[in-house]
Protein chains: 2
Amino acid sequence: MQRIPKISESEWEIMKVIWRSNPITAEQIVLQLPADIEWSDQTVRTFINRLLKKNAIGFEKSGRSYHYYPLVSEQECVRAESQSFLKRVFGGAADLMVTNFLEDGHLSDKEIEQLQRILMEKQEKKERHPKT
Amino acid sequence: MQRIPKISESEWEIMKVIWRSNPITAEQIVLQLPADIEWSDQTVRTFINRLLKKNAIGFEKSGRSYHYYPLVSEQECVRAESQSFLKRVFGGAADLMVTNFLEDGHLSDKEIEQLQRILMEKQEKKERHPKT
DNA sequence: CCATTAATATTACAAGTGTAAACGGTAATT
DNA sequence: AATTACCGTTTACACTTGTAATATTAATGG
């Protein structure tokens, strides 16, 4: 049983809501899903149930309804998905991927400047901690 | 019928081979798959067939065997997958994604320098073509 | 020309996904 | 107390994916 369960596209939407605020009831999850998602209540509950089965979330009973909370962190899920994506599409080469994003115009000028700041910081940090 | 078909993880492996060299026979595809992939011939042919059905590849008959070639470019598939990944995991925010890759230590120092060069170039280009 | 063989095409089958409806129990309402 | 309304659980069903085995067709060697 691997640490991080495989989370499907739809399930990601549920998880994002739960990570944002938890513990949370099924009803609230439905309400907090992005407006462009139009799933029936039942559908949402199905996804919640599958996430329970996968041990991606847990719950505590509270009277009539359950309050769900994550059992895996967003951090680790993002990392796992990123690795998988990276491997599938770029054969694992992270620099290739980032380069592609830069070249392919996914990023606005403002975003590019932001990145430059981050890179700068990283560089400085490196210089202050040589070979760490 | 959308332009870019959805290509599964296994199918990506096939596509990568076909993009690298085409037209190419099924036999050669089997041979050129990464060594760590151990699929039976039949499995590979199944994937090839599914890609045909999806119109991701085409073929020309040549005697006994077919020679396959891509009908969609790697560029557009990479772009589609990236968009999908971005939307699923980062809610579409490309800068968040790149930042995450930087922060999360996926990149070596050398790669980071490389990126800085690319950003630099982009910046320069922008300055030479103001508001283009 | 026909049998052999090699390559493609069809079929199989379980697990995962998207999308719900139906069922069941418990709490609230009449 | 009986009924309703709500919430979670079970069941459903078609499509995709991973992983092949089997069937069919076409080319090639005799």
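Letters A, B, ... mirror the listed sequences (proteins, then strands); counts begin at 1. Computed from a predicted model, the values in this text were never measured in an experiment.
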Taking N or O atoms only and anything under 3.5 Å, show me the protein contacts with nucleotides 19-21 of chain C, one pair per line.
from	atom 1	to	atom 2	distance (Å)
C:dT19	OP2	A:Trp39	NE1	3.2
C:dT19	O4	A:Arg50	NH2	3.1
C:dA20	OP2	A:Thr43	OG1	3.1
C:dA20	N7	A:Thr46	OG1	3.0
C:dA20	N6	A:Thr46	OG1	2.7

Axis bend over the full length of the helix from C:dC1-D:dG30 to C:dT30-D:dA1, computed from five pairs that close each end, to 10 degrees | 30°

Report whether B:Tyr69 and B:Val78 are members of the same hydrophobic cluster (ILVMFWY, side-chain heavy atoms less than 4.5 Å apart, transitive linking).
-> no

Whole-Å distance separating the CG atom of B:Leu52 from the C1' atom of C:dA7 | 13 Å

Any idea which of D:dT28, D:dG8, C:dA9 is nearest the A:Tyr66 side chain?
-> D:dG8

Scan B:Arg64 against the nucleic acid and name what it touches under 4.0 Å (heavy atoms): base, sugar-phosphate only, or nothing.
-> sugar-phosphate

Just call it for B:Glu9: base, sugar-phosphate, or nothing, with non-hydrogen atoms closer than 4.0 Å on any strand.
-> sugar-phosphate

If you look at every heavy atom in A:Asn22 and A:Ile18, which pair is closest and at what distance?
-> ND2-O, 3.0 Å

Roughly, in whole Å, what's the span from CD1 in B:Ile7 to C1' in D:dT17?
-> 14 Å

SB check B:Lys54 B:Glu11 (cutoff 4.0 Å) = yes

Linking Ile, Leu, Val, Met, Phe, Trp and Tyr through side-chain heavy atoms less than 4.5 Å apart, which residues share a cluster with A:Leu31?
-> none

Take the protein atom CD1 of B:Ile14 and the nucleotide atom C1' of D:dT17, then report the distance between them rounded to whole Å.
-> 13 Å

Between atom CD in A:Gln28 and atom C1' in D:dC7, what is the gap in whole Å?
-> 15 Å

According to a strict under-4.0 Å criterion, is A:Ser8 in side-chain N/O contact with OP1 or OP2 of C:dG18?
-> yes

Is the closest side-chain donor-acceptor distance between A:Gln75 and A:Arg79 under 3.5 Å?
-> yes

Look at the side-chain heavy atoms of Ile, Leu, Val, Met, Phe, Trp and Tyr, link any pair under 4.5 Å apart, and say whether B:Ile24 and B:Leu33 land in one connected group.
-> yes

Work out which heavy atom in B:Tyr68 is nearest to a heavy atom in B:Ala26; give both atom names and the distance.
-> CE1-N, 3.9 Å

Tell me what A:Phe59 touches on the nucleic acid: a base, only sugar-phosphate, or nothing, going by heavy atoms under 4.0 Å.
-> nothing

Which is true for A:Lys53 with a 4.0 Å heavy-atom rule: it touches a base, it touches only sugar-phosphate, or it touches nothing?
-> nothing

A:Asp41 CG to D:dT9 P: how many Å, rounded?
-> 15 Å

Can you check whether B:Leu86 reaches A:Phe101 side chain to side chain, under 4.5 Å on heavy atoms?
-> yes

In whole angstroms, how far is the P atom of D:dC7 from the CG atom of A:Asn49?
-> 15 Å

Do A:Ile112 and B:Leu115 share a hydrophobic cluster, counting only Ile, Leu, Val, Met, Phe, Trp and Tyr and linking them when any side-chain heavy atoms are less than 4.5 Å apart?
-> yes

Report yes if a side-chain nitrogen or oxygen of A:Tyr68 is closer than 4.0 Å to either non-bridging phosphate oxygen (OP1 or OP2) of D:dC7; otherwise report no.
-> no

Is A:Lys54 near enough to C:dT17 that one of its side-chain N or O atoms lies under 4.0 angstrom from OP1 or OP2?
-> yes

Write down the distance between NE2 (B:His67) and C1' (C:dT8), rounded to a whole number of angstrom.
-> 13 Å

Distance in angstrom units between B:Lys6 NZ and D:dG18 C1', rounded | 14 Å

Parallel, tilted or perpendicular, as decided by the 30° and 60° cut-offs, for the rings of A:Phe85 and A:Phe90 | perpendicular

